[in-house]
Amino acid sequence: MPCRFSTTRRQVASTTARWRHNSRRRTVLSPTDVRTWARQRLARQRRAWVDGEGTWPLIRGLEPPRAVDIRGGLGAVTAWTSAWAAERELVGVRVMRETRLMKGIGSQTMPVRVEFESPRAVAEFAGEAQAWDRVARRRALLLERWPQLAAGVGLGRLYDWMDQAGDLDVDRLVAVADWVLANPRSGLYLRQLPVAGVDTKWIEGGQRRAIAMLVALLQGDENATGETEKEFLRLCGLLAPVARIRERPGAPP
């Protein structure tokens with residue numbers, strides 16, 4: 001029969017820690033442990049996942065207790081089981097339980113693994129659903145504007161930008177990319193871009209790399225990174241700024 005125990009989060013951490021110590025460092029994962037793991041996995045994979053990569057469901061085993069663990073620390077086991085029972089249900093996240101017959105103890109039902117049906121489910125469990133939804137929404141907007149981008153991957157490279165940018169920044173990004181595609185070799189200087197609301201200050205304020213990467217993807221150049229000013233200017237067909245020579249007072253003409 002299932003273990004039931006009413007406990008606080010602090011008690012769960014304390015008893016689970018003692019249990020791990022007494023179980024010869026057996027890794028038994030609490031909800032907090034899996035949430036930390038989900039955040040780390042999302043941080044590593046978010047760019048690929050938003051582009052449709054990954055294999056689902058994603059499964060994380062919980063290393064449930066054995067009979068020896070239960071006999072050696074029933075309080076920790078019941079606290080751990082109760083912590084999982086207290087987790088609220090989330091769409092796309094399933095805590096799978098099994099009933100196991102343990103010698104000298106009897107039948108015990110406990111959680112054995114967590115299954116995530118999608119990247120969005122991982123983000124929800126990790127507490128990052130709002131950011132994921134914002135990025136997915138903006139990625140969909142870019143795909144609607146340029147359907148040819150759906151044939152490959154790459155927009156995930158803009159994940160952090162799409163998360164942090166304002167709506168006006170997204171509109172300006174689209175406008176700049178449209179103009180560059182229509183004028184691939186304009187021969188203008190950056191300050192001369194005839195796009196409403198776009199100036200050097202805005203571009204150099206964190207938008208340059210996003211513009212370069214989007215333009216590169218639209219041009220079919222998937223290897224470009226947009227990390228340097230030189231590459232940005234090349235991709236956008238703009239001229240490099242003229243270096244200014246400052247004259248010293250009193251210097252001969």
### Query
Any salt bridge (charged side-chain N to carboxylate O under 4.0 Å, His left out) pairs touching residues 120-134, not counting sequence neighbours?
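Checked against salt bridge (charged side-chain N to carboxylate O under 4.0 Å, His left out) - neighbours excluded - the pairs reaching residues 120-134 are Arg88-Glu124, Arg120-Glu124, Arg120-Asp133, Arg134-Asp163.
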
#### Entry: salt bridge (charged side-chain N to carboxylate O under 4.0 Å, His left out) contacts touching residues 207-217 (sequence neighbours left out)
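Passing the test, one end in residues 207-217: Glu204-Arg208, Arg209-Glu227.
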
### Task
Identify which one of Val93, Ile59, Leu58 satisfies the side chain to side chain contact (heavy atoms under 4.5 Å, CB included) criterion when paired with Val114.
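Exactly one candidate clears the test, Val93.
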
### Message
Name the residue from Thr32, Val34, Val28 that meets the side chain to side chain contact (heavy atoms under 4.5 Å, CB included) definition with Ser30.
### Response
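In the set Thr32, Val34, Val28, the residue that makes a side chain to side chain contact (heavy atoms under 4.5 Å, CB included) with Ser30 is Thr32.
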
Please find the pair of heavy atoms, one from [X] and one from [Y], that lie closest to each other, and give the distance.
| X | Y | answer |
| --- | --- | --- |
| Leu29 | Gly61 | CD1-O, 3.3 Å |
| Ala121 | Val91 | CB-O, 3.9 Å |
| Ala240 | Leu233 | CA-CD1, 3.6 Å |
| Val170 | Ala165 | CG2-CB, 4.4 Å |
| Ala177 | Leu214 | CB-CD2, 3.9 Å |
| Ala83 | Pro31 | O-CG, 3.8 Å |

### Message
Quiz question: by atom type and distance under 3.5 Å, do the side chains of Asp33 and Thr36 form a donor-acceptor pair?
### Response
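Note: Asp33 and Thr36 side chains miss the donor-acceptor criterion.
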
### Query
Do Asp199 side-chain atoms and Trp202 backbone N/O form a donor-acceptor pair below 3.5 Å?
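Judged by distance alone, yes, a pair lies under 3.5 Å.
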
### Message
Test your reading of the model: is there a side-chain donor-acceptor pair from Ser82 to the backbone of Ala79, 3.5 Å cut-off?
### Response
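It does not hold such a pair.
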
#### Entry: side-chain hydrogen bond (donor to acceptor under 3.5 Å, both in side chains) contacts touching residues 171-182 (sequence neighbours left out)
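Applying side-chain hydrogen bond (donor to acceptor under 3.5 Å, both in side chains) to every pair that reaches into residues 171-182, excluding sequence neighbours, yields Arg145-Asp178.
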
Does the side chain of [X] reach to within under 4.5 Å of the side chain of [Y], using non-hydrogen atoms?
| X | Y | answer |
| --- | --- | --- |
| Phe232 | Val215 | no |
| Thr81 | Thr109 | no |
| Leu190 | Pro241 | no |
| Gln192 | Ser186 | no |
| Leu217 | Glu222 | yes |

What residues, two or more places apart in sequence or in another chain, satisfy side-chain hydrogen bond (donor to acceptor under 3.5 Å, both in side chains) together with [X]?
| X | value |
| --- | --- |
| Thr225 | Glu231 |
| Asp167 | Arg138 |
| Arg113 | Glu98, Glu115 |

Could I get the full list of side-chain contact (heavy atoms from CB on, under 4.5 Å) partners for [X], not counting sequence neighbours?
| X | result |
| --- | --- |
| Ala216 | Asp221, Ala224, Leu235 |
| Gln164 | Asp160 |
| Arg44 | Gln40, Arg41 |
| Gln148 | Trp146, Leu218 |

Quick check for you: to the nearest 0.5 Å, what is the distance between [X] atom [atom1] and [Y] atom [atom2]?
| X | Y | atom1 | atom2 | value |
| --- | --- | --- | --- | --- |
| Cys236 | Gln219 | SG | CD | 7.5 Å |
| Met110 | Thr99 | CE | OG1 | 9.0 Å |
| Leu173 | Met213 | CG | CE | 11.5 Å |
| Leu142 | Arg137 | CG | CZ | 12.0 Å |
| Leu193 | Leu238 | CG | CG | 5.5 Å |

Honestly curious: do [X] and [Y] fall in one hydrophobic cluster under the side-chain, below-4.5 Å linking rule?
| X | Y | result |
| --- | --- | --- |
| Val195 | Val174 | yes |
| Trp132 | Leu143 | yes |
| Val95 | Val112 | no |
| Leu90 | Met96 | no |

### Task
Go through Val176 and Ile203 one step at a time and tell me if the side-chain contact (heavy atoms from CB on, under 4.5 Å) criterion holds.
CA-CA 10 Å; Val176 170; Ile203 291 177; 5.5 Å; no

#### Entry: Worked check of side-chain contact (heavy atoms from CB on, under 4.5 Å) between Lys201 and Gln207
CA-CA 10 Å; Lys201 182 178 179 181; Gln207 325 306 326; over 6 Å; no

### Cation over ring face, Arg47 and Tyr159, 6.0 Å, 45°
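Pair Arg47/Tyr159 does not count as cation-pi.
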
### Task
State whether Trp37 and Arg60 meet the cation-pi test: NZ (Lys) or CZ (Arg) under 6.0 Å from the six-membered ring centroid, and within 45° of the perpendicular axis.
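Relative to the ring axis of Trp37, which defines the angle, Arg60 lies inside both limits.
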
### Query
Residues two or more places apart in sequence or in another chain: which of them pass ring-ring contact (aromatic ring centres under 6.0 Å, His included) with Phe125?
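For Phe125 the ring-ring contact (aromatic ring centres under 6.0 Å, His included) partners, ignoring immediate neighbours, are Phe116.
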
### Task
For Leu149 and Leu155, run side-chain contact (heavy atoms from CB on, under 4.5 Å): C-alpha distance rounded to whole Å, both residues' side-chain angles, the deciding distance at 0.1 Å, then the answer.
CA-CA 8 Å; Leu149 291 176; Leu155 284 177; 4.1 Å; yes

#### Entry: Any pair counted as ring pair (Phe, Tyr, Trp, His ring centres under 6.0 Å), so long as it reaches residues 52-71, sequence neighbours left out
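Matches after skipping sequence neighbours: Trp49-Trp56.
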
### Query
Taking it one step at a time, do Trp161 and Asp169 satisfy side-chain contact (heavy atoms from CB on, under 4.5 Å)?
CA-CA 10 Å; Trp161 186 89; Asp169 293 327; 4.1 Å; yes

